[in-house]
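Every chain is numbered from 1 and lettered A, B, ... according to where its sequence line falls, protein lines coming before strand lines.
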Amino acid sequence: MDELKIYNSYSRQKEVFKPITPGHVGMYVCGTTVSGESHLGHARPYITFDVIYRYLMHLGYKVRYVRNITDAGHFEEEGREAEDKISKKAVLEKLEPMELVTKYTNLFHWAMEQFNTLKPSIEPTATGHIVEQIEMIKKIIDAGYAYEVNGSVYFDVKKYAASHDYGKLSGRVLEDLLETTRELDGQEEKRNTADFALWKNASPEHIMRWQSPWGVGFPGWHIECSAMATKYLGAQFDIHGGGMDLLFPHHESEVAQSTICNHSAPVRYWIHNNMITIDGRKMGKSYNNVIKLSELFTGDHPMLAKAYHPMVIRFFILQTHYRSTLDFSNDALQAAEKGLKRLWEAYEKLRAISYKPQDGSVDKELEANCLKLVAEFDEFMNDDFGTARVLANMFELVPFINSMKDNIIPVSAISKETFELLQKQMKVYVEDILGLKSVTEANNEKLKGVMNLLIEIRKEAKDKKDFATSDKIRNQLQQMGILLKDEKDGGMSWTAF
RNA sequence: GGUCCUUUGGCCGAGUGGUUAGGCUCAGCUCUGCAAAAGCUGCUACAGCGGUUCGAAUCCGCUAGGGACCUCCA
């Protein structure tokens, strides 16, 4: 049970992970379209794949993690009005397209930092890889799988499907797609409705435009990922990730394009995270039910009962398996908030405990249980990244840790080796793999000094049974968001939140 | 309409052919000057109906609800 198993969307089953090059992993994750502010739904893939990235590194792999920024416009509704999201928004906000894209890229980076996600190894932009995309399209045309019409280039899906396994990834049958009776304007250029654009001719009012062999235009959406993944990870790479909603047509198209271009299926393991829902419904712009990340952090949204710390969101997401839908609610988020606080405080206590070998002999049952719970961290992660189960085990350890701290259970109830393993693995998992960090913000020295002073005064008051003063200190601090707690050993601790 | 997925206790959510998930909430107790925190205890669920099985919440079928994709989407 020490092999990593990953659920591969392509085969629809869990497979043992074997990288193409031993010791190295190439991972591509579909990034964000920076035509607007990121919302809660966007947080899921980036946190999910951040943990996968961290875990792969923890296993000793050298990982190249590529996550793109989609800053070139693609169709809002293919065929309808060649409408470019970014151009449109730029006009709306009276910004230069690149200005707009930079603004939202910065906001995205800011949010990712709040979530404590590690930066990808390479973060390529679509606009920075127009040349690569054009080259790729040329190759596809040369191979006979794309055709040009009026300055636009389309991929010939029907031809591809005749000799390739089109639709396998998304479970789609071409015949069904061809039968679509849906009425869409501007489809007449295509030979078949299932064909998708590789390059699109730009109308005069279209602001984002580039010169190409087929005239002035802009790239289709799917080609950017194929081009950038190929450039930085090679014709074949290990992992490609993204949201489930990208399975079709985006990822299916990627497979087709890359297969023609590079003569082999591009990806070994496809990983897809499920959606975050709100009232049982996918969160998305078209549903008009999004909560932006900035709103989540400030609480400034009619649906939010309060502000939620980025770490609470991260914890919330990790508490469920990445392939399940996750339903948003204030209750669920507040439960996560309390849970995280409890876990983190226990974790900090554990770090502060030093092992003292003493009289009481080792409690075999406790020792065994402790070892089992810790050993299962690895087991659960190896089983398709079971972060939820890892956290559940940690919570089972929390009462034990708290009891050690309060001396209800002597530290020597477990062996020194086990205690050290517990300390080490908690650190590795809580911080390095799950990427959690302290929710409390007040870590500056001046505050610490002031708090020490207040604690001293309060202790003196308590010794004199001057409870009016001691309560005043505690209550007023609480109003300021600082929680004072009397410890069992007579000391006092505090947390700011 | 087509394809696929899902339905777990007050809420959120793991998981699985036979054993306590876990978190939050709630109630009681211990500790405490009082709190808070912490510890202990209690609340025991798997949509419905059939079937397979010694045994199913877990496998199969049907029914009902919910959802995703089929168009931009994390």
Determine, for A/K372 against A/E367, whether the closest basic-nitrogen to carboxylate-oxygen distance falls under 4.0 angstrom.
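The answer is no: the pair does not qualify as a salt bridge.
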Check this for me: does any side-chain nitrogen of one of A/E337 and A/R342 sit under 4.0 Å from a carboxylate oxygen of the other?
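A/R342 and A/E337: not salt-bridged.
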Hey, does [X] reach any base, or is it just sugar-phosphate, or nothing, if we go heavy atoms under 4.0 Å?
| X | answer |
| --- | --- |
| A/I276 | base |
| A/F467 | base |
| A/L484 | base |
| A/N273 | base |
| A/D471 | base |
| A/A332 | sugar-phosphate |
| A/H250 | nothing |
| A/L246 | sugar-phosphate |
| A/S324 | sugar-phosphate |
| A/D327 | sugar-phosphate |

[X] [atom1] - [N] [atom2] separation (whole Å):
| X | N | atom1 | atom2 | result |
| --- | --- | --- | --- | --- |
| A/R458 | B/A36 | CZ | P | 13 Å |
| A/L169 | B/A68 | CG | P | 20 Å |
| A/R281 | B/G67 | CZ | P | 6 Å |
| A/D279 | B/G66 | CG | P | 14 Å |
| A/L483 | B/A38 | CG | P | 10 Å |
| A/D486 | B/A37 | CG | C1' | 10 Å |
| A/F328 | B/C12 | CZ | C1' | 12 Å |

Taking [M] as the reference, what is the distance to [N] when you measure between their [atom1] atoms (whole Å, please)?
| N | M | atom1 | answer |
| --- | --- | --- | --- |
| B/G15 | B/G22 | P | 15 Å |
| B/G55 | B/A14 | P | 31 Å |
| B/G10 | B/C69 | C1' | 34 Å |
| B/A56 | B/G18 | C1' | 9 Å |
| B/C31 | B/U25 | P | 23 Å |
| B/U3 | B/C59 | C1' | 23 Å |
| B/G23 | B/G61 | C1' | 36 Å |

Using ring centroids (six-membered ring only for Trp), state whether [Y] and [X] fall under 6.0 Å.
| X | Y | value |
| --- | --- | --- |
| A/W270 | A/Y7 | no |
| A/H222 | A/F196 | yes |
| A/Y308 | A/F297 | no |
| A/Y46 | A/F108 | yes |

Is there a donor and acceptor pair, one atom on the side chain of A/N330 and one on the base of B/C11, closer than 3.5 Å?
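Per atom types, no contact qualifies.
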CD1 of A/I457 to CD1 of A/I473: how many Å apart, nearest 0.5 Å?
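Going from CD1 on A/I457 over to CD1 on A/I473, the span is 6.0 Å.
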Does A/R314 count as lying over the ring of A/F115, i.e. NZ or CZ under 6.0 Å from the six-ring centre, within 45 degrees of the axis?
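No, cation not above the ring by the 6.0 Å, 45° rule.
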Close side-chain approach of A/L391 to A/M394, heavy-atom, < 4.5 Å
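Sidechains of A/M394 and A/L391: in contact.
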Are the side chains of A/Y53 and A/V29 in touch, meaning some heavy atoms are under 4.5 Å apart?
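No. Closest side-chain heavy atoms not under 4.5 Å.
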For A/K158, is the NZ atom crowded, meaning more than 12 foreign heavy atoms sit under 6.0 Å from it?
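At most 12 heavy atoms, drawn from other residues, nucleotides or ligands, come within 6.0 Å of this atom.
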Distance check: side-chain N/O of A/T33 vs OP1/OP2 of B/C72, anything under 4.0 Å?
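No, outside the criterion.
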Examine B/C34: is either OP1 or OP2 under 4.0 Å from a nitrogen or oxygen in the side chain of A/S470? Give yes or no.
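So the side-chain polar atoms of A/S470 never come under 4.0 Å of the phosphate oxygens OP1 or OP2 of B/C34.
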What nucleotide, of B/C69, B/G22, B/A35, holds the atom closest to the side chain of A/R172?
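The answer is B/C69.
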Looking at the side chain of A/A392, which of B/G22, B/A37, B/C24 is the nearest nucleotide?
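Nearest to the side chain of A/A392 among the choices is B/G22.
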For RNA chain B, the dot-bracket pattern of Watson-Crick and G-U pairs whose distances stay under 3.5 Å, | for other-strand partners
(((((((..(((.....[...))).(((((.......)))))....(((((..]....))))))))))))....
Please give me every residue in residues 104-124 of chain A whose heavy atoms get under 4.0 Å of an atom in RNA chain B, ordered by residue number.
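Output list: empty, so none.
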